[in-house]
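Owing to the predicted nature of the structure, the values given are computational and were not obtained by experimental measurement. Position 1 is the first residue of the sequence; numbering continues from there.
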Amino acid sequence: MKRIITAVLLVAAAFPAGAQHTAFPVLSPSQQFVEDAVTGGIMIVRQRYRLQDDKSKYWGFNNNPWFGENYTIGVKIQGGYMVSDKAVHPWNYDPNYDNYRSGGYRPEILETACRPATDSLFSELPFAGSGYREISDKKFHAIDSGFFNGVGFETDNTGGRKEGWLVWVIADKTIAEAPATALSFICYRSELTFTDGTSLYDVKGPSTQKKIIGGIYVLPVVTGVGRVTFRLAGMLHAEKEKWSVVRAVAGNSTGGFGPPKELTPAINPKDPEPVQDVPVPDDGGKKKKKRKQ
């Protein structure tokens, strides 16, 4: 028994709790504590958009009222929530829209919904008409909203050395493949040093066979005797299969979403008029006419 205890102590000494993570992250024994503390602030956001032509007619795709949809990580913060640019401008990440960029079609948000990290059901999330603030060259956006009644992370925008936690959201399949898929988490300590003028900090992804959906970087803060809270310091961002922490420092509000708004016929997204599939341009760039349903 003494040999077993000695071996365990040697392994623990090789990986101190506050050490900076390496290329082979070691899962922290405190993962459950961190997971329980932050799970309520993480959600999946579903964004759907449609197209409008120069005659104020709306178009969908594959007989759906929406032309395209995507799924991203959302994080509740004080005064609103934070999402990636994919949720604010979903058409910029949709290859189906490439054929119509120069055809006079304007994309606009049709419907926004979210589901908690611990649930599979989506419900409406207010989005259109809210203000937003850009984060790190438009990679993320802070959405101004009172929908969550002030429930959310406080953000940390201070510089210097940080001893925080990387919280990775993973699943058996991507959310696009299975919107109701169950989520799980991998949490471990990571030391980063934030400096002025730098917004992206490279980190190593966890060793897992599951799909990485996204994640956050949080900092534990002692707020009183026996009280610890976590502040949001960054969002995890993937580009060319490389991960980085994007500092959660928002700029000034830009006002609205998408292209400049104009007066258009009002249509309730919950009870829309029949929406046609967008005509597919032929080789000559002309639209093929389709008979109305």
Side-chain angles (χ1 to χ4, degrees), residues 38-52 58-94 96-97 106-133 135 139-153 169-185 211-216 232 235-236 256-259 261 266-275 277:
V38 305
T39 297
I42 298 175
M43 59 186 175
I44 299 296
V45 176
R46 183 185 68 202
Q47 194 68 284
R48 290 173 173 170
Y49 75 96
R50 61 184 175 181
L51 302 185
Q52 183 184 41
Y58 294 106
W59 299 88
F61 196 75
N62 283 344
N63 296 315
N64 291 314
W66 60 87
F67 181 85
E69 69 176 1
N70 65 24
Y71 298 84
T72 59
I73 288 287
V75 180
K76 301 174 186 177
I77 59 175
Q78 293 291 305
Y81 56 94
M82 197 171 291
V83 291
S84 77
D85 188 62
K86 292 181 180 180
V88 177
H89 304 104
W91 44 85
N92 288 339
Y93 305 87
D94 185 356
N96 290 329
Y97 178 59
R106 292 180 51 193
E108 65 173 39
I109 298 298
L110 172 65
E111 174 189 282
T112 307
C114 68
R115 50 161 280 205
T118 55
D119 200 347
S120 61
L121 298 179
F122 284 87
S123 58
E124 183 179 1
L125 176 65
F127 184 85
S130 300
Y132 68 91
R133 289 163 288 144
I135 298 173
K139 287 182 173 58
F140 290 89
H141 302 269
I143 312 299
D144 298 328
S145 172
F147 183 70
F148 298 109
N149 297 318
V151 175
F153 291 103
V169 183
I170 58 176
D172 290 332
K173 297 181 179 180
T174 66
I175 306 300
E177 293 173 319
T181 189
L183 304 178
S184 53
F185 302 85
K211 304 292 185 182
I212 301 176
I213 309 302
I216 58 178
L232 181 68
M235 302 283 288
L236 285 166
F257 296 99
K261 303 299 181 183
I267 294 180
N268 186 349
K270 294 185 177 181
D271 188 21
E273 66 179 12
V275 180
D277 282 354

How about [X] and [Y]: do any of their side-chain heavy atoms sit closer than 4.5 Å?
X: F127; Y: L125; answer: no
X: F185; Y: I42; answer: yes
X: I44; Y: I73; answer: yes
X: L232; Y: M82; answer: yes

TODO: Kindly give the heavy-atom pair with the smallest separation between A171 and T181, and that separation in Å.
DONE: CB-CG2, 3.9 Å
Open item on the list: For a quick test of reading the model, state the closest non-hydrogen atom pair linking L236 to I216 and the distance between them.
Closed with: CD1-N, 3.6 Å
[X] side chain vs [Y] backbone, donor-acceptor pair below 3.5 Å:
X: R115; Y: P179; value: yes
X: N64; Y: W66; value: no
X: Q47; Y: N70; value: no

Open item on the list: Within a 6.0 Å radius of atom NZ on K86, are there more than 12 heavy atoms belonging to other residues, nucleotides or ligands?
Closed with: no
Task: Crowding at NZ, K139 (>12 non-hydrogen neighbours, <6.0 Å) - done: yes
TODO: Decide, yes or no, whether a salt bridge links R46 with E111 under the criterion of side-chain N to carboxylate O below 4.0 Å.
DONE: yes
- [ ] Measure up the W91 and Y49 rings against each other and bin them: parallel (under 30°), tilted (30 to 60°), perpendicular (over 60°).
- [x] perpendicular
TODO: Evaluate the criterion side chain to side chain contact (heavy atoms under 4.5 Å, CB included) for residue pair D85 and Y93; output intermediate values, then yes/no.
DONE: CA-CA 9 Å; D85 188 62; Y93 305 87; 2.6 Å; yes
